[in-house]
Structure formats: C-alpha cells, structure tokens
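What follows is one structure encoded as structure tokens, with my remarks underneath.
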Amino acid sequence: MLQGGNPYTLAKEIHGIGFATADQIAQSVGIPKDSQNRARAGIDHVLLGATSEGHCALPLEKLKAAAVKLLELPVETIERAVSQMLTGGLLLLEEIDREPLIFLPHLRKAEDGIARKIKRLATAGVAYPKIDIERAVTWCEKKTRKTLAPSQREALKTALTSRAVIITGGPGVGKTTLVNSILLILRAKKVKCLLCAPTGRAAKRLTETTGMTAKTIHRLLEVDPATGRFSRNEDKPLDCDLLVVDETSMVDVLLMYALLRALPATSGLIMVGDVDQLPSVGPGNALRDLIDSGVVPVVRLTEVFRQAASSKIITSAHLIRQGKMPELRRAESGTDFYFIERDTPEEIAATLVRLVQDRIPKGHRLDPIRDIQVLCPMNRGSIGVRELNTVLQGALNPVRPGEPAVERFGWRFQVRDKVIQTENDYKKEVFNGDIGAIEKIDPVEQELSIRFDDRLVTYDFGELDEVSLAYAVTIHKSQGSEFPAVVMPVAMQHYMLLQRNLIYTGITRAKQLLVVVGQKKALGLAVRNDQSRKRYSGLLGSLKESCL
DNA sequence: ACTAGCCT
C-alpha cells in the first residue's frame, strides 16, 4: 500500500515505475514547466519521471493515488489528466497477471519490436555457410593453441548452428575464448562480423581480445548527438552477416530495440553477457527476459577456468546468485574471502581504512593504491564513494605542503592520487571507467599526467572534469573491471540498493582477495532481495505470444 | 534518501 506520500517508499513499492515524462505530467495537470511544484515534488523525477528505473508499468489506481498525494492536487484534476493522457495516446492500458497496468507507449513499442525481430530470427535458418563443426574446432584449437573444454565445444556448436544465440556466464567461465573461437571460424568463412558493446570500455576490451574493431552501440548505429536519434535503422541497416553484442546485461529496452532495428534481416546475432550482474539502469530487463522466454537458444557457461574452484570468492558468488548466504565465520588462513562484522558507520569506515592502508598490504603484499579497490553501493552517505574518497585520500596520499596540487570542483589532486576517467575520450584513448594514478603535475604548463597501465596520458588542468578520485567507486561503475583485492562496505544506509545482483557484481570483481565490512543484517537483506527480477516488463509477455 | 550509459 502507499504510505504517507513518502516518495521513496512509494518509488520502492512500485519499483521506480512512472507513467510519463515529468514534462508531460506537469503539462497535463496544468503545472507550468518550471514551477515550484515540480521542485517540491522532486519526486517528479523518481515517481513521475517515468523511465528512471526499470519499468514501464504501474497499476492505474496506484498511479492516481500517487499523483493526488504527490502533486497535492484534487482527485478530479488527476482523473481528468489521466483520461486526457489515455485518449491522447500518452498512456496505454494493458493487463499483466490480471492487474491493469499502464505502459509507456514508446517502451511498449520497443518491447513489441524486440519480440517481433527476435522471433523472426529464431525461426529463420542459419545465417552462415555450412560448417563442419568437428573440423572447425580442431582447426581453431590449433590456431589459438587453446584446447576447448567439452562445455565450450557444445556452446560453439550451438552458436554456429543458430541464427541468434545468447552466451551467458559469470567472470572467468570462458566467454571471451568462446567468442574468439566463433569469430575465428566465421571469419575464415568470409562472414562479415560487426562487434559492439554498450560502453566505451567494454568496446575497447572487446577490440583487444578479438583483434577486431568493436564500437559502442551508439557509434555503431551512428547516433546524432543533437537529437539522440540513430541513423542506422531498418531503412539503412548495418552491413554485416553477424553482429556480436558484449555486456548485453547493460543494454536497456530502448537501446536493444534500436540495435535490432538496424540488424539486417539476413544477419546472425550473438548476445554475450552475465545475467546475474546488475540489470540496466534504464527500463526493462532485456537480457533476462530474452533468456527466460526460451525463444533464443541460450549457452550457459558455468565452469570456472580463471580461478581455482576452491576459491571462496567463487563459491560465495555462486551461493549469492542462488540467494543463499555465504559462510561468514572466520575461516582457516589462506582463504580469499573475509567478512568483518561492524555495526556503526563510523566503525565500518575506520575498519575499512585500516584494512586498505595497513592490514591488507602487510598480509598480502598488495599495494594499497594500485591493487586494492574499495567498492561502495552508493555515492552519498558516510560510507559512500564521496566520503570514503576524502578519507582514503587523507590516509593513503595526504597533503604534502609545497608539492604541486590542483583544485577542481572541491577536489584536490596531487601526485600519486588514484583517479578514474568518467567519460570516453577517443583522442586520448581513455574511456569511462579507466583507472589510473597521477604521475606528474606541471603548474607552469598547467598540465598533469596520469598513468593508465603502461600509458602516460596528459591533461590540461581544464580537462580535469573528465576525472575524479577513485580510491572508492560505486559497484555500478566497477562493472566490467576486475581488481586484485576488493574491499566492500555493506550497511543499512545502502538500503535502497541492497539487492542480490549488486553484491554478486561487487564480489565477482575481486581476483585474489575480497573483504566485506559491515552489518550482517544488511548483507543478508541484500542476498535475499532479488526484486530486480520483478521489473514489470512487458517484453517477456510479448516474446511468449505465439503469433508473429 | 539511488544506481548508469551514450555523443561533437
């Protein structure tokens, strides 16, 4: 039930579902665009802002009640607005589980479009020339000097004999090796392959692992930055016989629709991703729905090659994936997963700093700045990214008077500071999410140099808005990266974000060592909470309808 | 009282 008009309770209950853009709502209920009403509602954005999280559906009665409370307008006004929007095509009504729900038409259209295209692909024949699988595998193994595991061979066979296929699995299960093998074989058969990913970093990584050019989905579809529209579509499709999409779990319904529209009718499609990681921040749960529908063949890789099967990080990740609490008691030495119980935020923060600064470097011979990454559920709060960056900077790289420093946006940058690039810069060849360290500051030239892996990149002081401190980053941002050691605070102040996928994503970033610090209650809550599964997506329904 | 990504 709706409680006390608290927008956040409300938003949680309906899971961030809205029913139109804030502007549309404001307009339809007669509130001027920039009025104080909207500012007061703030809510606007969470509840009425439509697509900020996940979903596109909301029961009609709840919608009306919410609107009355939040906008403090008479019921009649809301009734009128809703009916106007219904007749005006801004709202559509449908039923899911016998509950009348409202859909945003543009999302509904996208869901239908995706379903139609996917079904068409699923019933079409194979896109590639006839391939002798056994011979191809042998040839491929010789060429890469890598032996494929039986599960990978089976997967390869499925991929080469299906028009569309989904390849899913956690870190280290050999998704990359499999994709490389597929590409190697198909390219030898002169199949024209295009590669893409939703983020610049993922595209760069895909380029590196395959030796082929991979682009962001936006660049592949030739986005017009002014309008946000794509020039590639059904009228001007991509030129390919196979499209490979990596990190598909991050692709929301609208982007998926845009991508599939641009896929030529004759092309194959391979979607790669980890469904257990965080769902897209944008609407829907596209990859999960595609998998659950059973319309497209799914290759599930589970065998872990990268780390020893005895790794407690890996076994815990599997347990959490299934909603089970991992073993938290103090384990034998030599383990790679520790849980340190602390109750108050102050204790959590203090313990965390001690771990990063002292205990982990001493016990595991790791560099506190280079090797250890703090991952937080949230940006705000006393144990959020912002606060911890301040504290960790003070502990790991304190102010050295007399040394050059730059101040920007309230942050002070000094040599040795750990930083993260926050937008794609194709000129510098650094991408959103790249982490490095400041190596040189030149106050005369007004320049500073940041080392990313083995590359030194120079920034004008004016370009520092592309960069923030990275002692701590959000788990969302860490998706797609791995670190030797991960320290992760978990507390009730992260309530909003405590969900299974978040914890799973955080802990699977750790390669050698994982330390979770915080409240057992919060961790338990997160592990049990798989609400992200429950986004009221219409895509699954569309996919399951039998007609074309 | 929340979490992303894309482009010139």
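Chain letters run A, B, ... following the sequence lines, proteins first, then strands; residues in each count from 1.
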In whole Å, what is the span from the [atom1] atom of [X] to the [atom2] atom of [N]?
X	N	atom1	atom2	answer
A:Met256	B:dG5	CE	C1'	14 Å
A:Asn379	B:dC2	CG	P	9 Å
A:Glu222	B:dT8	CD	P	11 Å
A:Arg386	B:dA1	CZ	C1'	13 Å
A:Ile475	B:dC2	CD1	P	16 Å
A:His476	B:dG5	NE2	P	9 Å
A:Asn285	B:dA4	CG	P	18 Å
A:Leu502	B:dT3	CG	P	11 Å

So [X], base contact, sugar-phosphate only, or nothing? Heavy-atom distance under 4.0 Å.
X	result
A:Asn432	sugar-phosphate
A:Gly200	sugar-phosphate
A:Phe431	nothing
A:Asn424	sugar-phosphate

Would you say a side-chain N or O of [X] is under 4.0 Å from OP1 or OP2 of [N]?
X	N	answer
A:Thr216	B:dC7	yes
A:Arg380	B:dC2	yes
A:Lys427	B:dT8	no
A:Tyr426	B:dC7	yes
A:Arg219	B:dT8	yes

Self-check item: Heavy-atom closest pair, residues A:Leu238 and A:Leu220
Solution: CD2-O, 3.6 Å
Quiz item: If every non-hydrogen atom of A:Ala115 is compared with every non-hydrogen atom of A:Leu543, which pair is closest and at what distance?
Solution: CA-CD2, 3.7 Å
Exercise. Select one nucleotide: of B:dC2, B:dA4, B:dC6, the one nearest the side-chain heavy atoms of A:Thr199.
Key: B:dC6
Practice problem: Report the nucleotide, chosen from B:dC2, B:dT3, B:dC7, that has the shortest atom-to-atom distance to any side-chain atom of A:Met496. | Solution: B:dC2
Self-check item: Whether A:Ser267 side chain and A:Asp241 backbone form a donor-acceptor pair below 3.5 Å
Solution: yes
Quiz item: Within 45 degrees of the axis of the six-membered ring of A:Tyr459 and under 6.0 Å from its centre: does A:Lys428 put its NZ or CZ there?
Solution: yes
Practice problem: Report yes or no: is the cationic atom of A:Arg370 (NZ for Lys, CZ for Arg) closer than 6.0 Å to the six-membered ring centre of A:Phe483, at no more than 45° off its axis? | Solution: no
